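Comments concern the structure below.
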Amino acid sequence: MFRIFCCLFFTVVVSATTLHLATSSNPSRLNPLLATDSSSSEIAGFLFNGLVKYDKDNKKIIGDLAKKFYFEDNKTLVFLLRHNVLWHDGVKFTANDVLFTYHVLISKNIVSPYASGFRFVKSVEVLDDYTLKVHYKQPYFKALETWMMGIIPQHILANEKNLMNSKFNTHPIGTGAYKLKTLEFSKNIELEAFEDYFEGRAKIDTISFHVVADPMTRFLMLKSQKLDIGSLEPMAYEKQLSQDFFKHFRVYEHISLSYTYLGFNLRRKKFQNPDVRKALSLAIDREELVKILFFQHAKVCTGPFLPGSSAFNDAVKAPEHNLQEAQALLKKAGYDKQHPLRFEIVTSNASSIRPYAAEILQYQLQKIGVLVKLRIMEWQAFLNMVVFPHKFDTVLLGWGLSPTPDPYLFWHSDSDKAGGFNLVGYHNKKIDTMIENSQSMVDAKKLAQLYKKMFATIVTDNPYLFLYIPNSITAVSKAIHPIEPALSGIWHNYISWEKGK
């Protein structure tokens, strides 16, 4: 009698999952010290970590590469680093990488606006492989937040002579949850999950960024489910989506942490007259902009700091639309029908809304006899040929808003330099003094009062016309879960996301 033993082999096929996203432009440099455009910053965020980060509600600073941190006194900050962090090439991350990053950032070998955040650091001391002590020249209210900067690897870049043009900027090695797989400019950028990520491997295997400059094409890709997550413009949300779309996507909406402004090049004589800037401000109907462009999915921006934050000055209101007063101010400045004020607004087509905003501004300003020419450019050309070389009359642009702002970056005279974010050349000695006084303030109430005063002064000077704060409207495929909306948005738990029906 024979016994027949049958062995059954089951093959389990687990298909790789891909998160499909779109970006409006090619990243310029995937290096956290040099990533100043939105595409580079977004992608670099998946590749690199800082020592600390904000929690999901943007209220508390928590550890990232640092497992613990504390102030030894008001000028000494200590970081205890994680022991289980690896670079994407398998080399161990240590305190020496942090020290190296700091030295690179403050060196003359690179131009980075982020260097200003470290201007009060006296020295960085490595106590051992996993302990750092940072000594400050004076108490600094943003001492912790500056260490959200992504850290770069010493073992790869120690002998790099020209980091601005280094191969590393397109072949980065980080510590992040994803590492770069492919970089095809103007086509596709793929990231793959890093198996040894210190918080655990991300559950979605690949993130694929489709480089699509045209906003309508991005919208059509989202509608046809070729993208898993995408931003929705208000017009599309209100007018161009069928019920079938909502069978496949959930929509999340909240006020964005950003604002759009028209910035005057204050180096040019015609904008140095405060009457001219005030006239243009009074001629702009901001409520009309919000109504036409956003169907009320936005609010008028009244100044440079985040609404709801301690820095926001709710006593400052948007200027009242007044064409008569605007014309009188222009006449006082020497402009009339025979000698009209002429200037150009330059913006990028990376945003589908800003070119239309420029057209509305052109129309509104025409009512007081101002002749505006428009120029719409591709994003990288806009940055490299117009914004950073300061070759513009006015720019229509936007800034992100931090829960704890550092006005030094945008409003201090010292930030009017190559690579700096004081793009319009704003100089005000009173503001400089207020900013300098604010840097060492640790009393939250006094700091808030000083910020409110700054807010009002900057708005009165009109270096920008503050226009609107759009809502962020994001469509997410129902196949992606678990999505947990928070004050910071939806991305805080992305390594836990899965993709499946």
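In this text, all values refer to a predicted model and were calculated from it rather than measured experimentally.
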Are [X] and [Y] close enough that a side-chain donor and a side-chain acceptor fall under 3.5 Å?
X	Y	value
Asn26	Ser39	no
His427	Ser413	yes
Asp73	Thr76	yes
His254	Asn471	no
Asp128	Thr131	yes
His20	Gln225	no
Ser208	Thr206	no
His135	Glu125	yes

Seminar exercise, completed: In Val134, Ile62, Ile61, Leu81, the residue satisfying side-chain contact (heavy atoms from CB on, under 4.5 Å) with Phe69 is Ile61
Quick one, [X] and [Y] - any side-chain contact, counting heavy atoms below 4.5 Å?
X	Y	value
Arg267	Asp416	yes
Ile207	Phe209	yes
Phe312	Phe455	yes
Leu241	Lys223	yes
Tyr252	Val476	yes
Asp244	His248	yes
Ile152	Pro32	yes
Leu132	Val124	yes

Just verifying a value: how many Å separate [X] [atom1] and [Y] [atom2], rounded to the nearest 0.5 Å?
X	Y	atom1	atom2	value
Leu232	Glu238	CG	CD	10.5 Å
Ser477	Arg250	OG	CZ	9.0 Å
Leu383	Ser348	CG	OG	7.5 Å
Leu423	His390	CG	NE2	5.5 Å
Ile353	Thr347	CD1	OG1	11.5 Å

Work out which heavy atom in [X] is nearest to a heavy atom in [Y]; give both atom names and the distance.
X	Y	result
Pro215	Ser352	CB-CB, 3.2 Å
Ala143	Tyr136	O-OH, 3.3 Å
Ser112	Leu105	OG-CD1, 3.7 Å
Leu227	Arg218	CD1-O, 3.7 Å

Backbone N/O of [Y] and side chain of [X]: donor-acceptor pair under 3.5 Å:
X	Y	answer
Asn349	Ala213	no
Arg29	Met164	yes
Lys478	Phe246	yes
Glu378	Ala381	yes
His412	Asp414	yes
Lys499	Thr18	yes
Asn384	Gln380	yes

Problem set entry | Salt-bridge criterion met for Asp196 and Arg201 (N-O under 4.0 Å) | no
Problem set entry | Sole residue of Tyr426, Tyr464, Tyr468 in ring-ring contact (aromatic ring centres under 6.0 Å, His included) with Tyr261 | Tyr464
For this session: Enumerate the residue pairs fulfilling ring pair (Phe, Tyr, Trp, His ring centres under 6.0 Å) with a member in residues 110-130, sequence neighbours excluded, ordered by first and then second residue.
Result: His83-Tyr130, Phe118-Trp147, Phe120-Tyr140
Answer yes if the ring centres of [X] and [Y] are under 6.0 angstrom apart, and no otherwise.
X	Y	result
Phe410	Phe421	yes
Tyr494	Phe46	yes
Tyr178	Phe194	no

For this session: Look at the rings of His297 and Tyr237 and say which category their plane angle falls in: under 30° parallel, 30 to 60° tilted, over 60° perpendicular.
Result: perpendicular
Exercise. Taking only residues two or more places apart in sequence or in another chain, which ones pass side-chain hydrogen bond (donor to acceptor under 3.5 Å, both in side chains) with Thr17?
Worked result: Asp205
Seminar exercise, completed: Sorted by chain and residue number, the side-chain hydrogen bond (donor to acceptor under 3.5 Å, both in side chains) partners of Ser28 (sequence neighbours excluded) come out as Asp37, Ser40
Exercise. Which of these passes side-chain hydrogen bond (donor to acceptor under 3.5 Å, both in side chains) with Ser166: His171, Lys161, Glu160?
Worked result: Glu160
For this session: Just do the side chain to side chain contact (heavy atoms under 4.5 Å, CB included) check on Val212 and Met221 with the steps written out, would you?
Result: CA-CA 10 Å; Val212 182; Met221 288 176 70; 3.7 Å; yes
